[in-house]
Amino acid sequence: MVQLREQSEAAEFFPSDVEYQGLLSKRSRRGRVVQLSFLLMLTIAVVGLGILLYTIIDDSFGLVAVVNQNEPEAVVSAYGYDPAVTVLDDLNKEQLVDVLQGSVSSGVGRRLEREERFFADRLVFESQAKWDEVCASDEPPSGCSGGVRSKGNVLDLVRERVIQPDIVAVNRLTASIFNPDGFKEEVETAFVENPSRFGEYTYDQVRYQWRAWFSWKFVTSPASDRPEIAGVRTAVLGSIWLVIITVLFAVPVGVGAAIYLEEFARPTRINDLIQTNINNLAGVPSIIYGMLGLAVLVRILEPFTSGSLFGEGAPNGRTIMSAGLTLGLLTLPVVIISSQEAIRAVPSSLRQAGMGLGATKWQTVRSQVLPVAIPGILTGTILAVARAIGETAPLILVGAASFITVSPSGPFSQFTALPIQIFQWTSFPQEEWRHLAAAASLVLLVLLLTLNAAAVIMRNRFSRRMS
Amino acid sequence: MNETPESTVLDPTAAPATADAVGGVEAADDGPGVLETRSMDVFYGDFKAVADVSMSFTFNEISALIGPSGCGKSTVLRSLNRMNDLIPTARVDGEVRYHGTNIYAGDVDPVEIRRRIGMVFQKPNPFPKSIFDNIAWGAKINGFKGSKSDMKDLVQGALEQAALWDEVKDKLTESGLSLSGGQQQRLCIARAIAVQPDVILMDEPCSALDPIATLRIEELMLELKENYSIIIVTHNMQQAARVSDRTAFFNVELDTTGQRTGHLVEFSPTDVLFTTPKEKATEDYITGRFG
C-alpha cells in the first residue's frame, strides 16, 4: 500500500488511505460490471444473428410429401429394369428422350427442341424440312445455333413434364431430421380429416423425399407459378444488373463529389449548405428515393430510361436503368460521406509534401491522397452497395415486375430483384412459397457476401500496395 | 548542379545578378539576393501574424530563422514559396522577390514557385511509396523527359547528395516508410533536391530526430549549401550557431488589442548576432533570459 505524502493543502481533499482502498475496489468492480454488460450485448447480437440464419436455413431444406403424376418406378420398369435396383437417373439419354416423347404433346416437344436440340445428329419432334425452314427465318430460335441438351437437362425435363411431382406438404429441416415420423403422421391425419384439401389424391400416392429448396437448380431456374420448379434466376440477374448500374453511377459520382468537397471546395456558404444537405440526404427513407425515381427517372426521363433514345424497345421507363439509378441516388450520400471521411483521414503532411515539390493540386490528390484513401473509400462503398442490394421499397415504386420469367438482357429490360421476389413469395398463402422465400433469402445473403468478399479482397490488395 | 530556370515568368536573365548566382559562387554577396522579401506582412484572415519583414537570402548560404514560439518564423518561411496559399485565409502583403520577380504577382503560378523553392518539413513525410518512387515522382510530375536510366541517375544523384545512397541502394523498391526517422528526413531532402530547386526551405527539420540523426542532417546542410541557398527555421539556437551563416531573430509583440504579431528584430551574420547583438531583445533571447 502506498503511503500518500502530505504535500500540500490540496491533499486534504483526497480520500484517506482506507477510503481510497474502498473506492479503488469499487472503481474496479464498476469496470468489470460494464465490461460484462458489453459482453452480454455482444452475445445478444450474435445470438440474434444466429437465430436469423437458423430460421432461414431451417426453411431452406427439409422433407416434402409429393404426389407424382407418373411414378418414376413405373417409367423405369417400362424399360424392363427392376425398380428396386434401377432409378430414373440410370436411364441413358436416348431412353429419357424416349420417355419424354411418349408423354408430352408434340407441340410442347417442338418448342423444347427449338429451345435446344436433343441430339446433334437427329431431330426428335421436328421434321428436317420444317427445321430447316424455321432456322432459315429472320429470327431463328436458339436451338438452331447448335447447342445440344445434356443428359442432366433431359432428366430435369422428364421430372418436370413426365413425373410432374406435386408437393402436398412441407416440413422444416430440424423437424425433418429429428422427427420425420411426426411429419408423416401429420400428413396422413390431414388426408383422413380433410381429404378435400388434396383434391383427387389419395394418401397411397404420397411419397416422401428430401428437398433442398436452396440448390444450384433453384438459382438457375426462372420464376414459375409452380413451386416445384420455381427458381430465382431472373431475380438474381436483375439484382446483379442493379448492382452494376448502382456502382457505375454512385462510385464515380460519389468519389468525385467527395474529392471536390474535401480538396477543392472553399468553405463558402453554398458549399456548407451542400455539405449539410448531403449529410441529411443520407438519412432520408428509401421510399422517398423511390418516389423520386418514379417521378423523375420513370416518368420525366422515360425516353432515356426506357432506352428509346438508344433504339432499345422497353415499353416504359420501368427498367433496370431507372431502378439502378434510383438505388445509385440512394447510396450516393453514403458514398460521398464515407469517401470524404477517408480522404480527410489522409495526413495533410502528404498533401504538403506533394505541393511542396511543385505538383498541382490534382497531381497531389491523384498520386498521393487517393491511393491512401482508396481502402477507406472502398469500405464505405461496400456498405452502401450492400444496403442497396437489400432495398425493396424504392424498387416497388419504380416498378419492379413481380412475376417475370425472361432473364433481363440489358439495362433497358424489365426486371425483378431478389428482395422483390422474396417479398412476393412471402405474401403467398401456400407453405411451399415460404420455403422458397427462405431459399431466396439465402441466395441474397450469399450474393451479398460474395460481393463483399470481392470488395474486401480488392481493398486489402490496395492497402498492401500502400504499406 | 542547378539548371538555369527555364520559365518565362521567372526568366533568370531578367535579373542580371542571378545569372552569376546560378553559375558562380562569387555573386552571392553583391546585388539582390536569390530571394528577397520587401516589407512583407502575412495575415491569417484579419489577424496579422507577421509584420514588415524585409530580408535577403543569397546562394551558398544557410540562413537560420530563430525566435520564441509564435513569433511567425514558420509563417515567414512558408510565405517564401507560397506554401501558405494552402491555408485558405492566408494572405501576403508586400513583396517576395525570387530572382527579382515578385512571386506574389498575379501572373505567377505558385506551383512553379514551389518547384524552384523546395521545402523540407518538420516531421519527415515520405510518400507511402517505394524509396525510388519517392524521388522519381517529383521529377515525373514536373515533366521529366529523360529515359528510364536517366531517371535512375537522377534518383541516385539525389540520394548521394542527401548522403543516403549507401544506406538504401539495395532496397530502392522498399517503402520509404521502412526507413528510420533520420533516413526518412534525408529521403525528404533528396526528394526536394531531385526537382532541381535552387532554394531549400527547412522548417525545423531536426525537431523530430535524435541527436545523431540531427548531426547527420546538419552535416548534410553544410554540404548542400555549396549548391543551394538554404533557409532553416529552428528552435535550437546551438543548431543555428553551428550551421548557419546568417541568423534572423524574430520576436512577438502584443498590441493593445492583445494580438500577437511577429516581426523581424535583427538579421546579421551568425557570429555577430550571437556575440554582439545589436538589439537588447536579441541578447535577452540568446542568453536565455526569455523564450
Notebook entry, point to check: Are side-chain heavy atoms of A/Arg351 and B/Leu86 found at a separation under 4.5 Å?
Noted result: no

Check: Taking the side chain from B/Lys129 and the backbone from A/Gln368, do they hold a donor-acceptor pair closer than 3.5 Å?
Finding: no

Next item on the list: Select, from B/Ile117, B/Val120, B/Asp85, B/Asn142, the one with the greatest count of heavy-atom pairs under 4.5 Å involving chain A.
Entry: B/Asn142

Note to self: Is it true that, when you exclude A/Lys361 itself, more than 12 heavy atoms of the residues, nucleotides or ligands shown sit nearer than 6.0 Å to its NZ?
What the structure shows: yes

Margin query: For A/Leu273, is the CG atom crowded, meaning more than 12 foreign heavy atoms sit under 6.0 Å from it?
Written below: yes

Item checked: Heavy-atom pair of closest approach, residues A/Thr364 and B/Trp137 -> CA-CH2, 4.1 Å

Notebook entry, point to check: Considering only heavy atoms, which portion of B/Ile141 lies under 4.5 Å from any heavy atom of chain A: side chain, backbone, both, or neither?
Noted result: both

Check: Got a sec: does the CE of B/Met151 have more than 12 other heavy atoms crowding it under 6.0 Å?
Finding: yes

Check: With a 4.5 Å heavy-atom cut-off, do B/Pro128 and A/Leu350 have their side chains touching?
Finding: yes

Next item on the list: Would you check if A/Gln352 and B/Arg114 make a side-chain contact, meaning some heavy-atom pair closer than 4.5 Å?
Entry: no

Check: Most heavy-atom pairs under 4.5 angstrom with chain B, which of A/Pro267, A/Ser348, A/Pro347, A/Gly356?
Finding: A/Gly356

Checklist line | Trace of the side chain to side chain contact (heavy atoms under 4.5 Å, CB included) decision for B/Arg115 with A/Leu357 | finding: CA-CA 5 Å; B/Arg115 182 246 156 127; A/Leu357 285 175; over 6 Å; no

Checklist line | Side chain / backbone / both / neither for B/Pro126 at chain A, heavy atoms under 4.5 Å | finding: backbone

Next item on the list: Check each atom of B/Phe121 against the heavy atoms of chain A and say whether the ones under 4.5 Å are side chain, backbone, both or neither.
Entry: side chain

Check: Which pair of heavy atoms, one from B/Asn125 and one from A/Ala353, lies closest together, and at what distance?
Finding: ND2-CB, 3.4 Å

Margin query: Does B/Lys152, at its NZ atom, have more than 12 non-hydrogen atoms belonging to other residues, nucleotides or ligands within less than 6.0 Å?
Written below: no

Next item on the list: Measure B/Arg191 against the heavy atoms of chain A and call it side chain, backbone, both or neither at under 4.5 Å.
Entry: both

Notebook entry, point to check: Do you know which of B/Met83, B/Met119, B/Glu174 has the most heavy-atom pairs with chain A at a distance under 4.5 angstrom?
Noted result: B/Met83

Next item on the list: Give a yes or no on whether A/Arg366 atom CZ has more than 12 heavy-atom contacts from other residues, nucleotides or ligands under 6.0 Å away.
Entry: no

Note to self: Please check if the number of heavy atoms outside A/Asn280 that lie under 6.0 Å from its CG is greater than 12.
What the structure shows: yes

